[in-house]
Number of protein chains: 2
Amino acid sequence: METTCDQDGPWDVYLRSCPCRDVLDLLANKWTALMLGALARGPHRFGELRRAVDGISQKMLTQNLRQLERDGFLTRTVYPTTPPTVEYALTEMGAEVGAHLVALSTWSQANFDRIRSARESYDGRELQPVR
Amino acid sequence: METTCDQDGPWDVYLRSCPCRDVLDLLANKWTALMLGALARGPHRFGELRRAVDGISQKMLTQNLRQLERDGFLTRTVYPTTPPTVEYALTEMGAEVGAHLVALSTWSQANFDRIRSARESYDGRELQPVR
DNA sequence: CGGGATCCGGTCGGATACTG
DNA sequence: CAGTATCCGACCGGATCCCG
């Protein structure tokens, strides 16, 4: 027996007990979106990734890399050089979800002006009530 | 003068100082994905939304609804009945991003089996080393 | 019904120091 | 270079109580 989502067929993220919600939690995350987005442009070494995703700490980078590797979204290849060389690359699965996350990032960039004007109109509301 | 991302053209979420990274942070979020996904199937009242997104607390629901409303992703309509009736509906913008987030949720459900087997293979690794 | 306000534990996540 | 380990503050997010 194990933690299932429901009895019928596939999984349902809208149910609190569904184990696949953890996956959504890992993927629907700012750092994940940026990391997979960077890797979508090709394999990166640790330091390259760190620089590509500006502002991420090495702790978060390592932590997310491990989780993403564990879930099969990327591979970690160590070349026995000195100093060590480690390369991260997307798997097929990683590329699939990466595409969706890249779409999200791209959308955020492209439509930020619309969002900001929506924000201004919202903020300047209750100061000049209805009439 | 204001906080810009860079000088040339549009915004860049990969830069730490880019204000549009906040938008990505709001969107690339488990609750946001599920809420917009539920609203993509039509307008919902507060309680309906609470039940559709199983496990969300009313605090998180309210908080995210306010932010999403402020950024123009959904509208909040109050009908002067007793007891009050409040309806939430996606805007055009909300439907656009919602589509990407629904894709992410759907993908997570559909591919959870692949992820779980990747997870098992990863976990059963260092116990039986190379040779 | 649709919230606001508050308390509070747990985790997120940055900063720093150390290693092969 | 590519991490691991630890400290610690911030805030995420659930539980509870209250209101119009």
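In what follows, every chain begins at residue 1, and chains take the letters A, B, ... in the order their sequences are listed.
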Report, one pair per line, the protein and nucleotides 11-13 of chain C atoms (nitrogen or oxygen only) whose separation is under 3.5 Å.
| unit_1 | atom_1 | unit_2 | atom_2 | d |
| --- | --- | --- | --- | --- |
| dG13(C) | N7 | Lys59(A) | NZ | 2.8 |
| dG13(C) | O6 | Lys59(A) | NZ | 3.2 |

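- Tyr79(B) comes within contact range of no nucleotide atom at all, as no heavy-atom separation falls under 4.0 Å.
- Contact between Cys18(B) and Trp11(B) at its shortest, heavy atoms only, is SG-CB, 3.7 Å.
- For the atom pair CG of Leu49(B) and CD of Glu87(B), the computed distance is 11.0 Å after rounding to the nearest 0.5 Å.
- As a whole-Å value, the separation of Arg76(B) CZ from dG2(C) P is 10 Å.
- Rounded to a whole Å, the CG atom of Leu61(B) is 13 Å from the P atom of dG13(D).
- No contact: Arg50(B) has no heavy atom under 4.0 Å from any strand.
- The interatomic distance linking Asp22(B) (CG) with dC11(D) (P) rounds to 13 Å, in whole Å.
- Taken from CD in Glu69(B) to OG1 in Thr75(B), the straight-line distance is 8.0 Å, to the nearest 0.5 Å.
- Interatomic distance, CG of Leu15(B) versus CZ of Arg21(B), reported as 7.5 Å (0.5 Å rounding).
- A salt bridge does not link Arg114(B) to Glu92(A): none of the charged side-chain nitrogens sits closer than 4.0 Å to a carboxylate oxygen.
- You'll find that the side chain of Pro83(A) is closest to dC1(D), out of dG2(C), dC1(D), dT4(D).
- Atom-to-atom, NE2 of His44(B) to P of dG3(C) comes out at 15 Å; the value is rounded to the nearest Å.
- Between Thr85(A) and Asp25(A), the residue anchored nearer the 5' end of DNA chain D, judged by the nucleotide with its closest heavy atom, is Thr85(A).
- In this structure, OH of Tyr88(A) is placed 14 Å from P of dC1(D), rounded to the nearest angstrom.
- In this structure, of dG20(C), dG4(C), dG2(C), it is dG2(C) that holds the atom nearest to the side chain of Arg45(B).
- A straight line from CD of Glu48(B) to P of dG2(C) spans 8 Å, rounded to a whole angstrom.
- Between the P atom of dG14(C) and the CD atom of Gln58(A) lies a distance of 9 Å, rounded to the nearest Å.
- With values rounded to the nearest 0.5 angstrom, Met35(A) atom CE is found 12.0 Å from Phe73(A) atom CZ.
- Between Val102(A) and Gly37(A), the shortest heavy-atom distance links the atoms CG2-CA, 3.7 Å.
- Atoms CD (Glu87(B)) and C1' (dC1(C)) sit 14 Å apart, rounded to a whole Å.
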